[in-house]
Structures are given as structure tokens and as C-alpha cells.
> 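Dropping the structure in here first, questions after.
Chain naming here is simple, since letters A, B, ... match the order of the sequence lines and numbering starts at 1 in each.
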Amino acid sequence: MLNVFIRTVIVYILLVTAMRIGGKRQIGELQLSELVTALLLSEIAAMPIGHDAIPLAFAVIPVLTVICIELITSFAVTKSKFLKNIFDGNPSFVIRKGKLDISELTKLHMSVTELMSEARLQGISNLADINYAILEQNGQLSVFEKAEKNDSERGIAHAVIVDGCINEHGLNALKITDAALKKRLHEKKTELSSVFLYTVNDAGEEYWVFRPKETKK
Amino acid sequence: MRTFIIAVIVLLVIIGGITGYYFYCDKTVKTLQDLSFSETVTTGDGVESIYAYWKDHRFGLHLGVDTSTINDVEKQLLSLRAAINSGSDENTAEAIELLRYELSELRKANSLSLENIF
């Protein structure tokens, strides 16, 4: 039974580490340690139910241990900045002062189309209207719009170029031809590979994000 | 704060409880092993005393050891008893060896070791 206790602690630490490495977006609405606890408890509790050769203590002890560790961790995280950084991490600024942070997106394993989708779910049709977009520790995206955004009917933004590649779906939605796109790139004195994101909304307003020069594809 | 203190106390009780249980199991199995190596184990009285000790401590062992291991030890004890009652020296010797093996497996299963953890 001592082995079961030690295994429980090891598996708990392992799951917390794995979820932390996996990133905030796996977590959903729970705190990291809460998610690990929820995952563990259901698996542990089911063990002696399905296998009557397993003593009930093999579920009771680990369940109580996990809950105690969760309570101790939750308390310790509120008291220690170091532990808070380890367990919860920090919010990630994906858009800061209206500027999209490409390196942050890469770190979060998040594509720009997912970011646009999250923004639309919050009622924002255009990334250009966002002042700050913050991915919180629990995986939710907080969005703050620019104060000076134009409230006229502009429809939604369509992604035309994403990460250096042409998005055919966006081109078709805007009825833009390949030739017209190439011409626009020429006017901007840039090439396809230099563009991280290019969107156009229904009113024709453009939003450009270029790659930093050293990370050109 | 109160919840935190309660959680720490419960965790300490769990650690204390399972450490105590670990030593209880180890002592019980060691006693069984000593009895299995005693000179009287091949006699009717000897096997009855080891079996009586086993029956008294079986439930306690069952709390922390899986049923199949407990059943294996019980089976070997009953085999030994049957072999002694039948008067066959060969069967008795084999049954004693198997019983000692099962008890060493039981002790290993309960031991704190890297092999058991991983």
C-alpha cells in the first residue's frame, strides 16, 4: 500500500508536468491542478469497481491523497509566487496594443485562424479591432477592443493569407482572384512568404501582419 | 487556512497509517515465513498452528494485498495440510517449498522497492 501511495504522488506530479507542458489551451475552464485531480479521481475510483480482486483501500487511499494534495497545492499557490508560476503560469499576450505577437502564438501552439475564431466567438469580427487579446491561465481568451474602432457595418474579416500561404476559402468569400492578390502584394512591395496574416473585411478594409525579417519562411 | 490544515493533517494520518500498515504486513509475513521454516511445520500440529496464524491475520493482509496473492498463499497452506494428512513425504516437501515461495512473493509484493513502484 505504501507503493500505491508513492505511485499516486508520482502520477500526480507527472500529470501536472504533462499538462503544464501541453499548454494552457488543454485546460479549458479548470485550473491546471483541478483538471489533473478530476482526471485522476475518476480513474482511481473506478479501479476496484471493475476489479474485485483489488482491495478497496487501493482506491480510498489514493483518492484521499489526491484530494489532500490538491487542497494543499491550491493553498500554497496563493501564498507562493514561485509555486504560482509553476502551477498556473502567466497569462500570454497574443495581441498587445493592437499588435499581433507571432512568437507568442507559436509558443502557445495556436494558429491565427484559431485566434480569429476565438475572437468571432467573442463578437469581434476583425483582429484589427482588438487592442489586447490575452490567453488566460485557464485557457480562455480575453479580448479588449480598441476604443476608437469604427462602428459602421463592416461585416467580418476573411483571412486571405495565413502564415505565408494563400487561403482559397478567404479568396472565394471575397471574390478576389489570384492575379488581384499578386498585384496587391506587388503594390505593398512584399512577397507571399513575408506575410504572416492578411485579412480583408466585407467593407474592403485590410489588416496586415508581417513576419519579423529573421523568421521569413 | 482551516481547509489547508485539515488537508495536511489528513495527509499525515494517511502517511502514518499506511506506514504502520506496511510494518504490520511485513511482520506478519515474516512470522509466517519463520513458521514455514520451523522444524514442526511438517507435523499436523505445526501446520495447524501456521494455518491458525494465517486465518487470524488474513483479513488484515487482505486490506492491502490483492486477492489473487492472498488466495495463492491460502491454497498452498491447504495443499500442505492435505499433503501432511495423506502421509506423502514427497508431496509434503513440494508443498512446503511452494508455500515458502508464495510467502516470499507476498513479502516482495508488500515491500517498498523500486521494482514495485515502477
> Quick check: under 4.5 Å, non-hydrogen atoms only, which of residues 15-31 of chain B neighbour chain A?
B/I15, B/I18, B/T19, B/Y21, B/Y22
> Quick one, A/I130 and A/F144 - any side-chain contact, counting heavy atoms below 4.5 Å?
no
> What is the minimum heavy-atom distance between A/G98 and A/K146, and which atoms define it?
CA-CE, 3.9 Å
> Under 4.5 Å, heavy atom to heavy atom, which residues of residues 32-40 of chain B contact chain A?
none
> Can you see which heavy atom on A/R211 is nearest to which on A/S193, and at what distance?
NE-O, 3.2 Å
> State the CG-CG distance between A/L115 and A/L127, to the nearest 0.5 angstrom.
5.0 Å
> Residues of residues 68-101 of chain B under 4.5 Å from chain A (heavy atom pairs)?
none
> How close do A/L40 and A/V66 get, heavy atom to heavy atom, and via which atoms?
CD1-CG2, 4.0 Å
> State the OH-NZ distance between A/Y132 and A/K97, to the nearest 0.5 angstrom.
5.0 Å
> Find the distance between CD1 (A/I166) and OH (A/Y198) and round it off to the nearest 0.5 Å.
11.5 Å
> Of all the heavy-atom pairs spanning A/L192 and A/G164, show the shortest one and how long it is.
CG-O, 3.3 Å
> A/S103 and A/D101: side chain to side chain donor-acceptor pair (under 3.5 Å), yes or no, with the steps?
CA-CA 6 Å; A/S103 60; A/D101 189 337; 2.7 Å; yes
> Against A/H158, only a single residue in A/D202, A/T199, A/N167, A/N201 fulfils side chain to side chain donor-acceptor pair (under 3.5 Å); can you say which?
A/D202
> Heavy-atom distance under 4.5 Å to chain A: side chain of B/I14, backbone, both or neither?
side chain
> Looking at every heavy atom in both A/G139 and A/L135, which two are closest together, and how far apart are they?
O-CD1, 3.4 Å
> Looking only at heavy atoms, what is the nearest atom pair of A/L141 and A/A119, with distance?
CD2-N, 4.5 Å
> Run the side-chain hydrogen bond (donor to acceptor under 3.5 Å, both in side chains) test against A/S142 and tell me which residues pass, sequence neighbours left out.
A/E136
